[in-house]
Amino acid sequence: MLATHPDITRAAIEASFLLRHRSIAGTAAFRRNMDHTRKAIEASRELLKRLRQRQSENTARPWEDADQTAFAVSAFDADLLRSAFRDLALEMNLPECQWRDLAKSLALGYAGCEQIEVGLLDWIISK
């Protein structure tokens, strides 16, 4: 039996409708999967955040247990700080007005204290 022109046209329309329907269904499924993946990633980020928070609460730093007012920096440590400061200042090509802030951040990071002796900072930034 030979197909007539209207039959061929009707078959083509039905085929294109089925393809479009499958395409729309595929796109919807893809979007649902992407939403599910985004939610899973967000949940894992939240879990990691809580784990890091718990770990930081459970991990006691040595300077938190010690007396906050007294933290001695040895001459060797001060020399290391000064050497690191000089290398950083040269690498970053910092102007002299920013040297004190850099030295202070290095010393605070090393000592873990809230205050640093002014004399130590002056010695670190001296030429």
Side-chain angles (χ1 to χ4, degrees):
M1 178 170 181
L2 293 173
T4 62
H5 183 67
D7 292 337
I8 293 173
T9 305
R10 193 175 305 124
I13 291 172
E14 288 177 9
S16 67
F17 176 74
L18 286 175
L19 285 175
R20 183 164 186 220
H21 180 70
R22 287 182 186 155
S23 175
I24 292 172
T27 302
F30 175 76
R31 288 184 178 158
R32 278 193 308 272
N33 289 339
M34 287 300 294
D35 288 341
H36 178 71
T37 302
R38 285 185 185 117
K39 289 176 184 175
I41 289 171
E42 183 62 34
S44 66
R45 284 182 180 156
E46 187 65 32
L47 178 63
L48 280 173
K49 187 190 299 183
R50 283 187 280 152
L51 287 173
R52 287 183 186 134
Q53 178 78 22
R54 188 175 297 157
Q55 183 181 10
S56 68
E57 290 171 358
N58 292 339
T59 306
R61 295 184 180 125
W63 60 81
E64 289 176 350
D65 297 335
D67 184 15
Q68 289 286 335
T69 58
F71 185 86
V73 176
S74 68
F76 179 73
D77 294 335
D79 193 45
L80 287 175
L81 284 170
R82 187 178 193 185
S83 175
F85 165 77
R86 286 182 175 174
D87 291 343
L88 278 173
L90 286 174
E91 253 180 52
M92 297 169 54
N93 200 15
L94 283 179
E96 210 168 318
C97 62
Q98 295 177 355
W99 286 5
R100 182 170 289 280
D101 293 332
L102 177 62
K104 187 174 183 178
S105 67
L106 281 173
L108 288 173
Y110 177 77
C113 297
E114 294 178 5
Q115 295 180 348
I116 298 294
E117 288 283 330
V118 176
L120 176 64
L121 292 179
D122 291 338
W123 181 79
I124 289 174
I125 64 174
S126 66
K127 293 182 181 180

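It should be emphasised that the depicted structure is a prediction, and the values quoted were computed from it without experimental measurement.
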In terms of hydrophobic clustering (I, L, V, M, F, W, Y; side-chain heavy atoms under 4.5 Å; direct or indirect links), are F76 and L106 co-clustered? no

Any chain of hydrophobic side-chain contacts (each under 4.5 Å) joining V118 to Y110? no

With a 3.5 Å cut-off and sequence neighbours excluded, list the donor-acceptor pairs that the side chains of residues 78-86 form with protein atoms.
unit_1 : atom_1 : unit_2 : atom_2 : d
R82    : NE     : W123   : O      : 3.4
R82    : NH2    : S126   : O      : 3.2
R82    : NH2    : S126   : OG     : 2.9

Given side chains that start at C-beta, do those of S105 and L102 come closer than 4.5 Å, heavy atoms only? yes

Starting at CZ of R50, measure out to CD of Q53 and round the result to the nearest 0.5 Å. 11.0 Å

Distance col, row R32:CZ vs T27:OG1, nearest 0.5 angstrom, shows 10.5 Å

Residue pairs meeting side chain to side chain donor-acceptor pair (under 3.5 Å), one or both in residues 88-103, sequence neighbours left out, come to E96-K127, R100-D122

Among L120, L121, I124, I125, which residue meets the side-chain contact (heavy atoms from CB on, under 4.5 Å) test with K104?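 Only match with K104 under side-chain contact (heavy atoms from CB on, under 4.5 Å): L121.
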
